[in-house]
Number of protein chains: 2
Amino acid sequence: MSNTKVLPLLEPDTESGPESVAPCCPPLTERPFTAEEAELTARMFKALGDPVRLRLFSAVASHAGGEACVCDISDVGVSQPTVSHHLKKLKEAGLLTSERRGTWVYYSVEPSALASMGRLLTSE
Amino acid sequence: MSNTKVLPLLEPDTESGPESVAPCCPPLTERPFTAEEAELTARMFKALGDPVRLRLFSAVASHAGGEACVCDISDVGVSQPTVSHHLKKLKEAGLLTSERRGTWVYYSVEPSALASMGRLLTSE
DNA sequence: CCACTGATTCGACGTGTGTCAACATAGATG
DNA sequence: CATCTATGTTGACACACGTCGAATCAGTGG
């Protein structure tokens, strides 16, 4: 498949890696978004648009060092495979990264993504 | 627990009105969200999680006075009923308000909602 | 009252999404 | 190797969602 269009400021990035969404787009109030900008930015909002994912992200983000083991945050009322599924979505949206250390897998927040989203919503 | 829970700070509000979502919840990084907080906050993110809605919202937000006629922003590549559908979703999420003035309908941004979302994403 | 334009609602259709049980994989440990 | 725990993947299913054309509602003006 031909690569889905990526804005110039974004590095091409690897196939399945985070869709690299962080350093994009001016505040929502600055000018009307183009189709490409909207497509790109909507991914992040959509990723946080599910209650379970929002709780998982918040759990990771509020954990010490912005990092948490799956076992520490998987008590959100859904089955374990579902937790894994949502963490994968958050990773694909570029909001989280994961790293395996021994038996456990640790998820961390991608600081640039958080900053980027914050910038979208601050009119100042 | 009773039925669909509404956080104390939110007024019950009418059936179809904006789900009044603005003054809610600490930054995502402060502490893990509860189920109720996540349910509530996810509505806003979900509303902006569609490229067309994001463009519509951005078009209204960046227009003079944070207000725009439907006819001014409906050029986003989808049919006019679809535009109307998305604007309704944004309204239900508490991000926009609408007002009819003569022949045209004007949509405005709900400033508190924007501020509330910004607060969620600013760490300090 | 009737025609015209702007905007919403309705009904239908195809696709996407959240969920789970079952199975598979990775490391640790016996 | 066998086994146990911690995560991820697969397949299936019900439901939500985005989209459109057609019908409808709301104002304006002839």
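Residue numbers start from 1 in every chain, and the chains themselves are labelled A, B, ... in the order their sequence lines are given, proteins ahead of strands.
In the set C:dT19, D:dT9, C:dT8, the nucleotide with an atom closest to the side chain of A:Lys88 is D:dT9. Comparing C:dA7, C:dA22, C:dT8 by their nearest atom to the side chain of B:Pro81 picks out C:dT8. Closest to the side chain of A:Cys71, from the set C:dT8, C:dA22, D:dT7, is D:dT7. Side chain of A:Ser84, nearest nucleotide from C:dG18, D:dT7, C:dT9: D:dT7.
A heavy-atom distance below 4.0 Å to DNA chain D is reached by these residues of residues 46-61 of chain B, ordered by number: B:Lys46, B:Asp50, B:Val52, B:Arg53.
Computed from coordinates, the B:Trp104 CH2 to D:dT28 C1' distance equals 9 Å when rounded to whole Å. Computed from coordinates, the A:Glu92 CD to D:dG8 C1' distance equals 13 Å when rounded to whole Å. Rounded to a whole Å, the CZ atom of A:Arg43 is 15 Å from the C1' atom of C:dG16. Between the CG atom of A:Leu96 and the P atom of D:dT7 there is a distance of 15 Å, given to the nearest Å. Atom P of nucleotide C:dG6 and atom CZ of B:Arg101 are separated by 17 Å, given to the nearest angstrom.
Side-chain contact between A:His63 and A:Asp72 is present, with at least one heavy-atom pair separated by less than 4.5 Å. Looking only at side-chain heavy atoms (C-beta outward), A:Val109 and B:Leu28 stay at 4.5 Å or farther from each other. Taking the side chain as every heavy atom from C-beta outward, A:Ser62 and B:Glu30 never approach each other to under 4.5 Å. In this structure, A:Arg31 and A:Glu37 have side chains that are in contact, with non-hydrogen atoms separated by less than 4.5 Å.
Remark: B:Thr82 is in phosphate contact with D:dC20, judged by side-chain N or O atoms under 4.0 Å from OP1 or OP2. An OP1 or OP2 oxygen of D:dC17 is reached within less than 4.0 angstrom by no side-chain nitrogen or oxygen of B:His85. Taking side-chain N and O atoms only, B:His86 has no distance below 4.0 Å to OP1 or OP2 of D:dC17. Residue B:Tyr107 places no side-chain N or O under 4.0 Å from the OP1 or OP2 atom of C:dG6. In this model, the phosphate group of D:dG27 is not approached by any side-chain N or O of B:Thr103 to a distance below 4.0 Å at OP1 or OP2.
Each of A:Lys89 and B:Arg100 lies near DNA chain C, and the nucleotide nearest B:Arg100 is the one positioned closer to the 5' end. Projected onto DNA chain C by closest heavy-atom contact, A:Gly77 and A:Gly102 fall at different nucleotides, the more 5' of which corresponds to A:Gly77.
For A:Thr97 and A:Lys91, the side-chain atoms include no donor-acceptor pair closer than 3.5 Å.
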(message) Pair A:Lys46, B:Lys46 - check side-chain contact (heavy atoms from CB on, under 4.5 Å), show working.
(response) CA-CA 5 Å; A:Lys46 185 187 251 181; B:Lys46 185 186 244 178; over 6 Å; no

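The closest donor-acceptor contact from the side chain of B:Thr122 to the backbone of B:Arg119 lies under 3.5 Å.
Donor-acceptor pairing under 3.5 Å, judged by distance alone, is present between the side chain of A:Gln80 and the base of D:dG8.
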